[in-house]
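Quick note: numbers below take in every heavy atom, side chains included, and nothing from hydrogens, waters or symmetry partners. One-based numbering, in listed order, for ligands and for the atoms of each.
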Amino acid sequence: MKGSIISWLLLAISTISIFSDVAATSASAKCLGADQSSLLLELRHSLVFNTSASTKLVRWGRSANSWSGVTCEDGLLVGLDLSEEWISGGINRSSSLFRLKFLRSLNLAFNHLSYSMIPSGFANLSHLVHLNLSNAPFSGQISAELSRLTKLRKLDLSAIHFSECDPLKLEKPSLRSLIRDMGELRELYLNEVDLSVEGSEWCNALSSSVPKLEVLSMSHCSLSGPIDASLLSLANLSVIRLNLNDLSTTVPSILANFSSLKTLSLHNCDLKGEFPQKHTINFFRLPDSIGNLRKLSMLDLHNCSLSGSIPTSMENLSELTYLDLSSNNLTGSLPSYGASRNLTQIYLFDNALTGQITSVGWEDLLNLEYLYLRNNSLEGDIPSTLFTLPRLEEIYLSNNKFSGQLIINPNVSSNRLESLDLSSNLLQGSIPRWIWKLRNLAYLNLSSNFFEDLETPLCNLTPTLLYVDLHSSMHRGNMLPLPSQAICLDFSSNNITSVFSDNIGNYLSSSTMFFSLSMNNFHGSIPKSICKATYSMHLEVLDLSHNLLNGTIPNCLMKASLKVLNLRNNQLSGNIPQNISTTCGLKTLDLSENLLQGQIPLSLANCTTLEILNIGNNQIDGTFPCHFMAISSLRVLILRSNKLHGEIGCAHSPFTWQMLQIIDLSSNDLSGTLPASLLASWEAMKAEVDFNYLQYELYIRGGYYYQDTVSVTIKGLEQKLTKILTIFTSIDFSGNRFEGQIPNTLGDLKALYSLNLSHNAISGSIPPILGNLLQLESLDLSWNHLNGTIPAHLANLDLLSFLNLSNNQLVGSIPDSGHFLTFSKSAFERNLGLCGLQLNKSCSIAMNKTKEAGDDGNNDDNKKKWFFLGIPLGFVVGFWVFCGPLVFIRSWRFAYYRFWDKVLF
Ligand SMILES: *[C@@H]1O[C@H](CO)[C@@H](O)[C@H](O)[C@H]1NC(C)=O
Ligand SMILES: *[C@@H]1O[C@H](CO)[C@@H](O)[C@H](O)[C@H]1NC(C)=O
Ligand SMILES: *[C@@H]1O[C@H](CO)[C@@H](O)[C@H](O)[C@H]1NC(C)=O
Ligand SMILES: *[C@@H]1O[C@H](CO)[C@@H](O)[C@H](O)[C@H]1NC(C)=O
Ligand SMILES: *[C@@H]1O[C@H](CO)[C@@H](O)[C@H](O)[C@H]1NC(C)=O
Ligand SMILES: *[C@@H]1O[C@H](CO)[C@@H](O)[C@H](O)[C@H]1NC(C)=O
Ligand SMILES: *[C@@H]1O[C@H](CO)[C@@H](O)[C@H](O)[C@H]1NC(C)=O
Ligand SMILES: *[C@@H]1O[C@H](CO)[C@@H](O)[C@H](O)[C@H]1NC(C)=O
């Protein structure tokens with residue numbers, strides 16, 4: 001849907017400009033005869049339109065000269081432009097519109113005609129030369145009567161296909177019968193009209209009927225290839241747009257024969273995405289003859305399965321202004337573009353291009369505005385001439401193998417550079433000072449390089465900088481460039497060794513939303529001045545994790561706009577801030593791996609939006625925080641490795657944790673029996689919910705998020721879940737003093753993946769109902785006082801891949817189902833009287849049971865989920881998931897929209 005809107009906008013812009021000539025004279029229309037005026041008034045009366053948005057219709061009839069959108073000649077109405085008039089409803093068959101017999105030009109584009117059929121009345125307007133019904137929008141079969149408009153020179157029936165509506169169709173009549181008698185046609189726009197014609201038929205239909213055609217625009221028309229040689233008879237073609245059709249079966253080398261061609265756009269010409277099963281991808285090469293298209297100014301072949309190298313003949317395309325060969329599999333090096341001095345946009349990203357780019361002749365490309373070469377294998381120096389090109393606005397060279405140093409002093413005085421992305425390369429040396437002074441720079445990404453440090457001193461930073469991503473870019477550093485209006489700042493993973501400056505909060509911009517210093521060597525305490533930034537009501541993500549910060553946590557961090565606060569793995573001490581008010585809007589709070597003491601404050605329950613709370617690995621004492629039960633949104637609660645004591649029943653709480661999916665109370669001093677009714681209230685562990693990630697959504701636009709991470713112990717190993725799936729569920733009560741029996745209510749938690757009750761004093765027998773936990777992959781009941789036999793029911797747990805029942809008082813035979821046989825001795829050893837193959841100890845009782853039939857049905861699916869869970873990535877994903885979308889919002893750029901289009905396509 002987003003994609004459609006974007007293409008709608010783009011098309012709107014292009015179509016409006018194409019048809020601007022039709023609306024040429026917003027005539028005073030004095031010449032209009034009385035009969036014609038009354039027809040117009042009748043028309044106005046019959047149309048439903050939004051009077052507050054209309055600019056033409058709404059004025060009609062107010063005075064003699066008020067006919068906007070109307071053109072006349074000798075008393076006759078010859079032109080009518082009602083585009084963008086917010087006309088809704090439909091147009092009646094008997095509308096007076098169809099009595100405006102002398103009309104030569106009619107434009108109804110961009111209205112709200114709610115997908116009605118095209119009325120056949122248009123055929124009455126037999127003098128029509130220009131007809132624009134694009135995006136009116138109409139739908140259904142195109143009326144055969146339209147073929148009577150034999151004087152047409154320009155016909156536009158293009159639409160944007162919103163998935164919920166039928167597109168226009170050309171089946172009966174076919175394309176051939178529609179245009180049969182339109183021999184004068186110069187421009188034909190049928191984008192998004194469903195033609196569904198095979199092979200060469202559409203080429204033949206065009207070449208035999210409309211020999212004077214200059215503009216052919218049939219994107220996403222369900223055309224198939226190959227493009228037939230008969231098309232060559234349309235010698236005047238200057239624009240060919242056949243994007244999003246299935247033309248993959250051929251090399252379009254014949255296109256090189258259209259000597260007048262100025263625009264060639266065939267992107268997505270194999271519809272890989274749409275019919276993945278139908279196609280083996282046919283790669284084809286760009287023909288050398290493409291260099292013959294001397295007049296070509298726009299070439300768009302992105303996502304067209306091109307392979308091989310870019311022909312050097314393209315150096316002859318001296319008129320080229322727009323070049324897009326992105327998302328192909330092009331290899332070899334970049335040709336020299338020196339001859340194409342008028343190039344403004346170069347998109348060659350997502351290919352396999354190699355070699356250096358120093359000899360491209362950049363110094364001649366004085367008109368270059370956008371240069372996108374990311375995701376290739378380009379190497380060598382980044383030519384310093386790039387930074388001197390006067391019109392260059394965006395440079396994206398990320399994810400290549402560029403090396404060497406950035407030049408220290410290029411002449412960048414008049415550079416318009418707004419976006420500079422050199423991330424994920426092999427660049428060295430210092431990050432030069434001039435970068436921070438580029439007058440228009442808004443987006444800077446130098447992350448993932450091998451810079452040493454920043455060239456200092458850093459002063460007078462350009463105030464336009466909004467996004468700075470320097471994560472994993474430097475070996476060492478001690479300076480933080482803090483531009484005055486930055487929205488996103490990521491300095492994580494840089495080995496910055498510095499005291500946390502007392503007044504950092506003063507320098508942090510009041511517009512900062514994302515600030516990460518994670519994984520550095522910052523020491524000293526968190527300065528109070530940081531409160532200033534949080535009070536500004538913009539800071540949403542503050543990540544100071546994995547540093548050497550000491551002292552206490554400032555109270556203010558719990559108060560303001562913050563949604564994500566991550567202070568994990570520092571040396572923070574003292575209490576968790578008290579007196580947290582209801583203004584707390586935190587969704588993620590991670591204070592784990594510090595030296596925090598005291599009790600968990602009651603007032604933390606005022607953070608009613610918390611989803612993830614991690615206070616693990618501190619020295620917190622006191623009792624289990626039953627008051628947290630009021631936080632109904634809580635999904636993850638980690639209190640591991642603290643000094644909590646007492647029971648966890650929370651018997652008197654009126655609340656429940658409906659959403660709770662991960663709870664880790666391991667390695668504390670908790671005691672009492674396992675709370676049967678508490679367990680029974682964890683609804684999220686009972687049924688699988690939507691497959692999703694726990695994420696922090698930006699309010700600006702749904703769907704973008706800060707990735708929350710958490711470490712859990714699964715299958716006996718600690719794992720970091722970079723992405724927390726909403727289906728991941730885990731209970732870890734290990735290493736406490738729980739006693740009594742395992743409650744049967746555990747058997748209701750049918751969505752549970754991991755259960756760890758080890759190292760407690762739990763007694764009684766293993767309830768057979770645990771055999772109902774069919775999703776269970778990890779079960780650890782070791783080091784307890786469990787007695788009795790292992791219930792045969794447990795052999796139902798087909799997905800179980802980790803089991804530990806050792807160090808109990810279990811007796812009898814180990815279930816001998818095939819699955820159970822895969823567990824090793826260590827899972828069962830040191831029990832009172834277990835026997836079975838796994839322990840090399842045969843049982844006196846004959847092991848004589850039918851083997852359980854394995855149910856393999858869902859295995860693949862579940863393995864997939866574990867695959868996601870098991871990826872132990874680092875905690876460095878913040879910037880892109882949070883700031884990336886903001887960057888895109890900022891820029892009103894074709895390339896970005898096309899990017900989103902592609903994503904959504
Ligand atoms: C009419 O147009 C105005 C101004 O664009 C807009 O605010 C309003 O919502 C529109 N009304 C309808 C019914 O579309
Ligand atoms: C470049 O564009 C200018 C107009 O912007 C035009 O006059 C000139 O002929 C073009 N040069 C080439 C080599 O196409
Ligand atoms: C791209 O081309 C290279 C070299 O020709 C080839 O090894 C690779 O498989 C191609 N990639 C795809 C996706 O076909
Ligand atoms: C981090 O910096 C310190 C000195 O500042 C240096 O000893 C250490 O090797 C650096 N670590 C890395 C990974 O570069
Ligand atoms: C914090 O660390 C600094 C050194 O980095 C030290 O001087 C200071 O005393 C420490 N403060 C506390 C409260 O431990
Ligand atoms: C926050 O929580 C505490 C303890 O539950 C409560 O006494 C206090 O009134 C709450 N504060 C606000 C501002 O609601
Ligand atoms: C298991 O232990 C419980 C108490 O710990 C005891 O009541 C029960 O009799 C024992 N059962 C067996 C089969 O030993
Ligand atoms: C299983 O037990 C049945 C009787 O309970 C007996 O007839 C059979 O021989 C036994 N099978 C094995 C393999 O011991």
Student: With heavy-atom distances below 4.0 Å as the criterion, list the atoms of ligand 5 near His523.
Tutor: 5 (O)
Student: Are any side-chain N or O atoms of Ser96 and backbone N or O atoms of Leu43, one a donor and one an acceptor, separated by less than 3.5 Å?
Tutor: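 Side chain of Ser96 to backbone of Leu43, a donor-acceptor pair under 3.5 Å: yes, one is there.
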Student: At less than 3.5 Å, what protein N or O atoms come close to the N or O atoms of ligand 7? Include the distances to 0.1 Å.
Tutor:
residue: ligand 7; atom: 2 (O); partner: Asn787; partner atom: ND2; Å: 2.2
residue: ligand 7; atom: 11 (N); partner: Asn787; partner atom: ND2; Å: 3.0
residue: ligand 7; atom: 14 (O); partner: Asn787; partner atom: ND2; Å: 3.2

Student: Is it true that Asp81 and Lys56 have a side-chain N and a carboxylate O under 4.0 angstrom from each other?
Tutor: yes
Student: Quick one: does Lys643's side chain have a donor or acceptor within less than 3.5 Å of a partner on Asn618's backbone?
Tutor: no
Student: Do any nitrogen or oxygen atoms of Trp86 come within less than 3.5 Å of a nitrogen or oxygen of ligand 1?
Tutor: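 No; every N/O pair is 3.5 Å or more apart.
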Student: With distance as the sole test, does Asn111 use its side chain to make a donor-acceptor pair with the main-chain N or O of Ala136 at under 3.5 Å?
Tutor: no
Student: Which ligand 1 atoms are under 4.0 Å away from a heavy-atom of Ser52?
Tutor: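 In order of numbering, the contacting atoms are 1 (C), 2 (O), 3 (C).
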Student: Mind checking ring pair (Phe, Tyr, Trp, His ring centres under 6.0 Å) for Phe522 and listing every partner two or more places apart, or none if nothing turns up?
Tutor: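 In terms of ring pair (Phe, Tyr, Trp, His ring centres under 6.0 Å), with neighbours along the sequence ignored, Phe522 is linked to Phe500.
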Student: Is it true that a side-chain atom of Asn756 and a backbone atom of Asp732 form a donor plus acceptor pair closer than 3.5 Å?
Tutor: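 Judged by distance alone, no pair lies under 3.5 Å.
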Student: Could you give the distance from CD1 (Ile118) to CG (Leu108), rounded to the nearest 0.5 Å?
Tutor: 10.0 Å
